[in-house]
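Only this structure's heavy atoms are used, side chains among them; waters, hydrogens and symmetry mates stay out.
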Amino acid sequence: MKNSLPVETIKSLIRSAVSGRERSYSIYSGFSVGAAVLTDDGRIFSGCNVENASFPAGSCAETVAVNKAVSEGAKHITAIAIIGGKAALSPSTDSYTFPCGICRQVISEFKSPDGAIVIVARNEDDYKIFSIDELLPGAFSGDSL
């Protein structure tokens, strides 16, 4: 499932991630991140990173977006787009922001039976696509228990 999404769907996800990034609460690091997940029923949920003075209490944009989808009844995601950086909030950044290890595990937990793609973007025309299995080979799952 390297990339089975139409380009316009990818761009729509990236725009939703940019919108999420605009709501980032990143007053400590200055590193704002937005994410948007596409569920297997076609809905899109966005999220942003939410920092906290007690750093472990913060939330990553990817986890926020996945949790929003799950809280609304979605059980599987087919794609997630991520954009982030220290630059001023704009639809473009200087680098690709990859999900952290915990976020990779969360994405893997809720991937559709056919898998999920991860889109890391600098803007809606400059992005890279990976499968979650590429980013988290040998993921721990319910089958591991």
Side-chain angles (χ1 to χ4, degrees), residues 1-52 54-141:
M1 172 179 228
K2 181 64 173 182
N3 178 12
S4 58
L5 291 179
V7 170
E8 191 47 49
T9 301
I10 292 169
K11 289 184 177 200
S12 178
L13 272 173
I14 294 169
R15 284 191 297 271
S16 292
V18 167
S19 178
R21 183 172 181 244
E22 292 169 354
R23 294 185 295 276
S24 170
Y25 182 76
S26 50
I27 64 169
Y28 301 103
S29 71
F31 195 89
S32 56
V33 181
V37 298
L38 174 65
T39 62
D40 60 351
D41 61 4
R43 293 182 289 165
I44 294 176
F45 296 88
S46 64
C48 64
N49 59 322
V50 181
E51 295 181 348
N52 191 291
S54 173
F55 288 115
S59 300
C60 295
E62 301 91 329
T63 301
V64 169
V66 170
N67 289 345
K68 280 174 66 175
V70 172
S71 73
E72 292 297 322
K75 297 298 182 220
H76 297 110
I77 62 170
T78 57
I80 183 166
I82 305 156
I83 187 167
K86 278 201 167 248
L89 292 180
S90 72
S92 187
T93 63
D94 293 336
S95 61
Y96 301 103
T97 298
F98 284 81
C100 72
I102 292 172
C103 288
R104 291 175 195 211
Q105 181 64 40
V106 169
I107 295 163
S108 181
E109 178 78 16
F110 292 101
K111 69 183 179 184
S112 76
D114 293 331
I117 62 169
V118 177
I119 304 156
V120 292
R122 291 174 25 164
N123 59 58
E124 72 176 78
D125 295 312
D126 184 356
Y127 55 86
K128 295 181 180 185
I129 298 175
F130 302 89
S131 72
I132 188 58
D133 295 331
E134 287 178 290
L135 296 179
L136 187 64
F140 187 81
S141 72

Run the side-chain contact (heavy atoms from CB on, under 4.5 Å) test on K68 and S46 for me, step by step, so that the C-alpha distance in whole Å, both residues' side-chain angles and the decisive distance to 0.1 Å come before the verdict. CA-CA 8 Å; K68 280 174 66 175; S46 64; 4.1 Å; yes
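- For the pair D133 (side chain) and G115 (backbone), a donor-acceptor distance under 3.5 Å is absent.
- In terms of modelled atom types and a separation under 3.5 Å, the side chain of K86 and the main chain of S29 share a donor-acceptor contact.
- Using a 30° and 60° split on the angle between ring planes, F130 and F98 fall in the tilted class, from 30° to 60°.
- Donor-acceptor pairing under 3.5 Å is recorded for the side chains of R23 and S19.
- Here OG of S16 is found 12.0 Å from CD1 of I83. Values are rounded to the nearest 0.5 Å.
- With rounding to the nearest 0.5 Å, the separation of CD in E109 from NZ in K75 is 11.0 Å.
- In this structure, a donor-acceptor pair under 3.5 Å is absent between the side chains of N52 and Y25.
- Of all non-hydrogen atoms in C100 and C60, the two that sit nearest each other are SG-SG, 4.0 Å.
- For E62 (side chain) and C103 (main-chain N/O), no donor-acceptor pair under 3.5 Å exists by modelled atom type.
- Listed for the S12 side chain is no donor-acceptor partner under 3.5 Å among the backbone atoms of T9.
- Residue V37 is tested with V70, N67, L13, I77 for a side chain to side chain contact (heavy atoms under 4.5 Å, CB included); the sole match is I77.
- Between the side chains of T39 and D41, at least one donor-acceptor pair of N or O atoms lies under 3.5 Å.
- Using modelled atom types, one side-chain atom of T78 and one backbone atom of L38 make a donor-acceptor pair closer than 3.5 Å.
- In this structure, S108 OG and L136 CG are separated by 5.5 Å, a value rounded to the nearest 0.5 Å.
- The nearest pair of heavy atoms linking A116 to A79 is CB-N, 4.5 Å.
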Please report the C-alpha distance between L5 and I129 in whole Å, then the side-chain angles of each, then the deciding distance to 0.1 Å, and finally whether the side-chain contact (heavy atoms from CB on, under 4.5 Å) criterion is met. CA-CA 10 Å; L5 291 179; I129 298 175; over 6 Å; no
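- A donor-acceptor pair under 3.5 Å is formed between the side chain of T97 and the backbone N or O of G84.
- Of the possible donor and acceptor atoms, none in the side chain of R104 sits under 3.5 Å from a partner among the backbone N and O of A139.
- A side chain to side chain contact (heavy atoms under 4.5 Å, CB included) with D126 is found for one member of R122, K128, E124 and no other, namely R122.
- Scanning both residues, I44 and A36, for their nearest heavy atoms gives CG2-CB, 4.1 Å.
- Here the straight-line distance linking atom OH of Y127 with atom CD1 of I14 works out to 6.0 Å at 0.5 Å rounding.
- Ion pairing of E8 with R15 is present here, as a side-chain N (NZ or NE/NH1/NH2) and a carboxylate O approach within less than 4.0 Å.
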Show your reasoning for whether side-chain contact (heavy atoms from CB on, under 4.5 Å) applies to K11 and D125. CA-CA 7 Å; K11 289 184 177 200; D125 295 312; 2.6 Å; yes
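- The shortest distance between side-chain heavy atoms of I82 and P99 falls below 4.5 Å.
- Atom CZ of F31 and atom CZ of R21 lie 7.5 Å apart (nearest 0.5 Å).
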